[in-house]
Amino acid sequence: MTLLNGNGKPGTLTHHHRLETMMNGQQQTRVENTFAEDVFTLRVMQQRLPKDVFRAIQRTIEYGDPMSAAVADVVASAMKEWAMEHGATHYTHWFQPLTGLTAEKHDAFLTPDPDGTAISEFSGSALVRGEPDASSFPSGGIRATFEARGYTAWDCTSPVFLNRNGGTVTLCIPTAFVSWTGEALDKKTPLLRSMQVLSEQAMRILKIFGTDAGVTNITATLGCEQEYFLIDRELYFKREDLVTCDRTLFGTRPPKGQQLEDHYFGSIPTRVIGFMSEVERELCRLGVPVKTRHNEVAPCQFELAPLFETANIASDHQMLVMEAMKRVAPRFGLQCLLHEKPFKGINGSGKHVNWSMSTNTGVNLLDPRDDTHTNMQFLVFLVAVIRAVDLHADILRASVASAANDHRLGANEAPPAIMSVFLGDMLTDIIEQLESGSPKSTLKGGKLDLGARTLPQIPRHSGDRNRTSPFAFTGNKFEFRAVGSSGAVAWPATVLNTIVSESLDFVASQLEKALGKNADDKKLQSAVRALLQKLVKQHKRVLFDGDGYTQEWHAEAKKRGLPNFRESVASLQTMTLKKNVDVFKKFKVLSKVELESREHIFIEKYIKQVLIEAETAASIARTQILPAALRHQTELAEVVAATEAAEVDAAKAREHLEEFVGLVNQFRAAIDKLDGVVAKHPDGVHEHAGQIRDQVRPAMGALRELADELETRVPRDLWPIPSYREMLVIR
């Protein structure tokens with residue numbers, strides 16, 4: 001389990017270590033007594049397993065040694081006893097199918113005996129392998145409906161944990177999920193494969209530099225910042241769109257949104273801080289190292305951020321974070337919204353994925369250190385990542401594509417859909433030096449004098465940050481800001497690991513060829529500088545440190561030849577381009593069939609998600625908004641009739657009535673148009689997705705525009721659904 005300390009530098013902590021970097025004093029004592037209480041940690045294993053079995057399971061976790069059936073049986077028995085002591089009655093293989101959620105099937109520990117008693121059973125085979133129905137999960141054509149067999153396989157590197165919910169306790173075993181034929185049907189399996197190949201290729205670089213002594217493996221590390229909204233639960237259930245779609249399909253902008261910029265980092269509301277504390281307590285028991293909480297930019301928007309962990313553990317923990325927030329919010333009369341854009345006109349939510357590489361000895365391979373221009377190993381890893389983003393920008397963009405994220409990417413709170421890399425002043429200067437020859441110096445940040453003797457001089461970084469960049473270097477890691485708030489991080493991490501592995505493979509092969517068998521340090525430095533200079537010239541087009549929101553950047557990106565997939569349909573179709581298939585196939589992360597299945601599943605999900613929204617919008621429009629508008633129309637007509645009957649000039653009132661009637665008629669026509677385009681079902685998933693994008697979504701937008709105009713005219717006592725003004729306040 002790899003965690004990063006307070007400076008964002010990774011160090012290796014086994015599951016039983018205390019998070020001493022998190023707390024101090026009395027707080028530290030409290031955390032030591034509660035952290036990971038519901039996790040079957042290495043410390044618990046060491047206490048409960050025979051020494052030889054514990055050493056065997058350690059070797060499996062740390063080095064990938066095969067686990068014997070005998071060892072599995074002993075581990076399973078100890079795990080069962082521990083779980084039942086904590087109140088567990090059932091166990092489940094907990095996995096991440098291609099739905100984007102988690103899945104679980106619970107089995108009881110107790111089994112009836114022929115003599116009428118019950119015995120508790122949990123064998124090594126039950127721990128290592130499960131058999132859920134594979135035909136009912138998305139497979140993208142890998143499995144037919146009648147082909148039901150699938151397997152779950154224990155990921156022993158991710159801690160087993162207890163799930164306490166509804167008064168019951170269940171032992172949850174993180175697993176991979178594959179079909180009977182062996183193809184991956186989940187997001188965990190390719191992630192683990194990509195982590196393995198990244199380790200192999202990065203080790204080649206360390207070997208070239210002679211820095212592999214004591215290093216047995218390298219892991220991708222992730223830190224996943226989670227943005228989310230909280231609204232009053234009572235109002236939530238009055239909005240059919242929120243209940244069904246997790247976002248509002250109608251709603252006009254309130255007079256006060258985020259214009260005053262007073263919510264960001266503001267005082268956390270009392271009810272919200274109670275919710276946050278409860279979520280943190282639950283996650284603490286599950287061993288999820290939550291670090292940061294604060295108000296985000298939009299009203300009722302907040303953020304939770306953990307410490308960094310090994311990628312597969314971080315992926316599992318990220319799913320637990322989302323589940324915990326959803327589960328805890330109702331206890332405080334709140335509803336947690338994880339959709340990327342639940343409210344039009346204010347900031348949406350992302351999940352910034354901070355990615356790095358760490359050796360098992362605790363060295364961050366993306367730490368530039370002080371004299372960066374002399375750290376050639378770091379520069380090799382840096383340029384390899386730049387090359388990966390440039391060559392594979394299309395599938396990196398596709399890894400975050402979804403109907404929900406389309407509402408966010410490219411807007412004023414999110415990075416553009418153009419994949420570019422921000423490096424900052426110091427690294428940009430070194431890259432420019434590399435391009436022209438050999439780097440000679442490193443920019444220093446110095447200190448800031450704040451002008452008051454009572455204030456300290458504070459260290460100043462050598463470069464600013466850039467929140468408009470989708471892929472930014474932030475000190476000793478890359479921040480992939482384009483990931484959506486509702487998405488699972490396993491797939492973007494898999495793509496990132498794979499494309500960087502391809503780049504490291506290319507760099508290592510070039511250096512190995514140039515150096516031969518008897519290379520000295522001088523020859524190494526010369527070969528590295530020559531290769532980096534060549535790669536910088538080839539791939540510098542992807543580097544951009546300016547404002548990614550501007551139209552000038554879009555024009556410049558087009559001039560540079562960078563792809564710009566503004567929406568998901570076109571982006572997802574790049575997944576199965578030959579160059580992308582070849583990369584995943586070469587490193588055995590995904591076969592051609594597995595990659596094609598994912599493209600099919602993701603596009604099909606896009607279609608289904610938008611159609612659900614469209615049908616929900618039509619239903620709300622027809623059964624709630626239109627009746628309210630007609631009631632108001634009737635009231636206006638009665639006013640006109642009464643005014644004219646009193647022989648008073650009613651010209652203005654009649655003009656207002658006629659204008660409103662015209663708006664209602666347009667609204668009726670927009671409902672009919674939406675119904676018409678929803679009813680179309682073109683043959684082929686790509687054709688249907690294109691029709692959804694080109695016809696259904698514009699029809700939904702036109703209907704919303706009219707509905708939002710009606711909201712500004714219909715009296716508040718007649719308007720049938722809670723307004724933005726009501727929802728975006730927590731009392």
Side-chain angles (χ1 to χ4, degrees), residues 100 225-231 235-236 239-254 257-259 263-264 295-303 322 325-326 335-353 397 399-417 467-468 470 480-488 492 548-549 565-569 571-572 602 605-614 616-617 620 692-693 696-705 707-708 711 721-725 727-728:
E225 305 167 21
Q226 178 70 61
E227 296 174 346
Y228 60 96
F229 280 83
L230 293 173
I231 66 167
L235 298 176
Y236 167 82
R239 296 276 316 210
E240 183 182 339
D241 48 5
L242 280 177
V243 172
T244 307
C245 310
D246 217 33
R247 80 176 181 101
T248 57
L249 303 175
F250 303 105
T252 189
R253 184 179 64 83
Q258 62 189 59
Q259 305 97 311
H263 190 258
Y264 191 51
N295 286 7
E296 254 300 331
V297 173
C300 294
Q301 187 186 33
F302 308 93
E303 181 176 305
M322 294 192 290
M325 291 194 300
K326 284 281 193 181
Q335 185 68 30
C336 178
L337 304 178
L338 296 175
H339 194 282
E340 282 74 3
K341 196 78 169 180
F343 301 101
K344 182 181 178 181
I346 63 173
N347 277 19
S349 297
K351 187 177 327 208
H352 304 164
V353 174
R397 165 66 178 92
S399 74
V400 299
S402 70
N405 215 14
D406 277 356
H407 295 287
R408 169 181 165 266
L409 285 185
N412 285 339
E413 82 283 356
R467 68 187 303 271
T468 73
F480 191 17
R481 296 177 56 88
V483 182
S485 55
S486 67
Y549 292 163
F565 296 102
R566 298 173 184 268
E567 45 77 31
S568 290
V569 176
S571 177
L572 289 170
F602 297 156
K605 182 178 180 180
Y606 172 94
I607 293 170
K608 292 175 179 178
Q609 190 168 348
V610 178
L611 284 179
I612 289 170
E613 291 180 350
T616 302
I620 294 172
I692 294 287
R693 174 196 61 203
V696 175
R697 278 197 149 173
M700 289 175 62
L703 181 64
R704 175 171 192 154
E705 187 175 340
D708 291 353
E711 184 181 351
I721 55 179
S723 67
Y724 277 24
R725 183 191 60 81
M727 289 187 291
L728 293 173

Report yes if the side chains of [X] and [Y] come closer than 4.5 Å at any heavy-atom pair, otherwise no.
| X | Y | value |
| --- | --- | --- |
| Met322 | Lys351 | yes |
| Met325 | Leu338 | yes |
| Met727 | Leu242 | yes |

Nearest 0.5 Å please: distance from the [atom1] atom of [X] over to the [atom2] atom of [Y].
| X | Y | atom1 | atom2 | result |
| --- | --- | --- | --- | --- |
| Leu728 | Ile231 | CG | CD1 | 8.0 Å |
| Gln301 | Leu337 | CD | CG | 10.5 Å |
| Arg566 | Leu409 | CZ | CG | 12.0 Å |
| Arg253 | Asp708 | CZ | CG | 11.5 Å |
| Phe602 | Ile607 | CZ | CD1 | 14.0 Å |
| Ser486 | Glu227 | OG | CD | 12.5 Å |

Quick check: does any side chain N or O of [X] sit under 3.5 Å from a backbone N or O of [Y], one acting as donor and the other as acceptor?
| X | Y | result |
| --- | --- | --- |
| Arg704 | Gly251 | yes |
| Arg397 | Phe565 | yes |
| Glu340 | Gly348 | no |
| Tyr228 | Lys326 | no |
| Ser399 | Pro492 | no |
| Asn405 | Ser568 | no |

Do other residues, nucleotides or ligands put more than 12 heavy atoms under 6.0 Å from the CD atom of Glu567?
yes
Exactly one of Phe343, Phe302, Tyr236 clears ring-ring contact (aromatic ring centres under 6.0 Å, His included) with Phe229, and that residue is Phe343
Shortest non-hydrogen separation from [X] to [Y] and the atoms involved:
| X | Y | value |
| --- | --- | --- |
| Ser485 | Gly350 | CB-O, 3.6 Å |
| Ser571 | Ala401 | OG-CB, 4.1 Å |
| Pro698 | Ile692 | CD-O, 4.4 Å |
| Thr248 | Pro342 | OG1-O, 2.6 Å |
| Pro416 | Thr468 | CD-O, 3.0 Å |

Indicate whether the side chain of Glu711 and that of Ser723 have a donor and an acceptor atom separated by less than 3.5 Å.
no
Can a donor-acceptor pair be found between the side chains of Gln258 and Asn347 at a distance below 3.5 Å?
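Per modelled atom types, Gln258 and Asn347 side chains form a pair under 3.5 Å.
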Show, in sequence, the C-alpha distance, side-chain angles and deciding distance for Phe480 and Val400, and conclude whether the side chain to side chain contact (heavy atoms under 4.5 Å, CB included) test is met.
CA-CA 10 Å; Phe480 191 17; Val400 299; 3.7 Å; yes
Using salt bridge (charged side-chain N to carboxylate O under 4.0 Å, His left out), reason through Arg697 and Asp406 one step at a time and then give a plain yes or no.
CA-CA 11 Å; Arg697 278 197 149 173; Asp406 277 356; 3.3 Å; yes
Here's a test for you: under side chain to side chain contact (heavy atoms under 4.5 Å, CB included), which of Lys605, Arg693, Met700 qualifies with Val610?
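Testing Val610 for a side chain to side chain contact (heavy atoms under 4.5 Å, CB included) against Lys605, Arg693, Met700 leaves exactly one candidate, Met700.
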Step by step, would you call Leu703 with Phe250 a side chain to side chain contact (heavy atoms under 4.5 Å, CB included)?
CA-CA 9 Å; Leu703 181 64; Phe250 303 105; 4.0 Å; yes
Full working for side chain to side chain contact (heavy atoms under 4.5 Å, CB included) between Glu613 and Leu611:
CA-CA 5 Å; Glu613 291 180 350; Leu611 284 179; over 6 Å; no
Is the His339 ring parallel, tilted or perpendicular to the His407 ring (thresholds 30°, 60°)?
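Rings of His339 and His407: tilted, 30 to 60°.
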